[in-house]
Amino acid sequence: MNKTARLSSYGLTLLPFAVLVVIAMILSQGLKQHPAEIPSPLVGQPAPSFSLPVIGHPGTQVTQSIFQNHITLLNIWASWCEACHAEHPLLMQIAGDKRFMLVGLNYRDNPDTASAWLRENGNPYILTLSDETGRTGIDWGVYGTPETFVIDKKGMIRHRQIGVISPQIWRDVFEPLLTALEKEP
Amino acid sequence: MKIAFRISRLSPFSSRYSTSCHRTLGTGARLINIFIIVFFLLTGPLMATSDIYTFQTPTQKARFEKLTGELRCLVCQNETLAESGATLASDLRKEIHNKILAGESDSDILHWLVIRYGDFILYRPPFHAATLLLWFGPLIFLIIGLFFLKTHLRTPGRPSS
């Protein structure tokens, strides 16, 4: 076999390995993903409309118009949700942040139980909406608690966070987003 | 214990043979295996039986079963809405039931769900630009593989050139 033929036959032998390496690289990227956290199709859309009572203020009805003219963080939570309890200290910390309004959506919960829980453990929310049937949650594509939506000053959904907001997630995801959204009109 | 003899080619392209003997199953064991397989096939599709839905026509019921069997439960993501015991699955089954009774079409119902939950709720990935690779990828790989097989296969008895 002459030199060219030998080189090309080595090349052909190595080709399956090269393909394997490329596939392995693609799959290892896949391992870093979180397939259980599905992206929300609502990002970039206006906040779905709703009309819900406010916990602690019987007879009131609040709609999606409360999202206008300021940034809102809508936190979906329930008194029965263990992970929400884990997130609670961070929510208490960010509650005073003047850049946004922290609104709670109490999902599939008893309003009295929720109210009592907030009284005992501290209430980080400006107000908490009561979604007892979970119908509003379905409209927002909620599939687990906690979830947090970031809504801009025009009432458009800009981000959905699945699961507990850790300090790291707050720092790496929310802070840059808030800085960018603040600059918007 | 029964013993069977087997004579087989070493590879589909080879003219060399091997002989081997191995243990095989007697009639009794074979019958038990068949019974086990048939038993599991007969247990049928799993259904969450805690809620009962009534329909006006058998078609509506069939549509409900088909839809809930083809939609993913997002809480227990390896189960369908039909099987899952999760609260959200129960809520969504109720929604689908109400929508069928209200006369909405299958595509309306699926569209309603996809707006809220995205394509992931469908077990059948939709066919558009983003999913072309998903649909055609295996076929493309198969064609590439067959091409390589054809051009680099040696016929038996002939040394490679």
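Here is the naming used below: chain letters follow the sequence lines, and residue numbers restart at 1 for every chain.
Of the atoms belonging to Ile38(A), it is side-chain heavy atoms, and not backbone ones, that fall under 4.5 Å from chain B. In this structure, chain A has heavy atoms under 4.5 Å from both the backbone and the side chain of Leu74(B).
Atom-to-atom distance recorded for Thr87(B):OG1 and Tyr107(A):OH is 7.5 Å, nearest 0.5 angstrom. Remark: Arg72(B) CZ to Tyr143(A) OH distance equals 11.5 Å, nearest 0.5 Å.
Side-chain heavy atoms closer than 4.5 Å link hydrophobic residues (I, L, V, M, F, W, Y) into clusters, and following such links, possibly through other members, connects Leu71(B) to Phe55(B). In this structure, Val54(A) is a member of the same hydrophobic cluster as Met101(A), with clusters built from ILVMFWY side-chain heavy atoms closer than 4.5 Å. Tracing side-chain contacts under 4.5 Å through hydrophobic residues (I, L, V, M, F, W, Y), one never reaches Ile157(A) starting from Leu102(A); they form parts of separate clusters. At a threshold of 4.5 Å between side-chain heavy atoms, the hydrophobic network of Ile, Leu, Val, Met, Phe, Trp and Tyr places Ile94(A) and Val103(A) in two separate groups. The hydrophobic clustering, which links ILVMFWY residues whose side-chain heavy atoms are closer than 4.5 Å, places Leu127(A) and Leu73(A) apart.
Residue Leu133(B) qualifies as open at atom CG: its count of foreign heavy atoms under 6.0 Å is 12 or below. More than 12 non-hydrogen atoms from other residues, nucleotides or ligands lie less than 6.0 angstrom from NE2 of His70(A). In the displayed structure, Lys61(B) atom NZ is contacted under 6.0 Å by at most 12 heavy atoms of other residues, nucleotides or ligands.
A salt bridge does not link Arg135(A) to Asp91(B): none of the charged nitrogens lies less than 4.0 Å from a carboxylate oxygen.
Comparing Val142(A), Leu15(A), Leu42(A) by how many heavy-atom pairs each has under 4.5 Å with chain B, the most go to Val142(A).
Within residues 110-123 of chain B, the residues having any heavy atom less than 4.5 Å from a heavy atom of chain A are, in residue-number order, Trp112(B), Val114(B), Ile115(B), Arg116(B), Tyr117(B), Gly118(B), Phe120(B).
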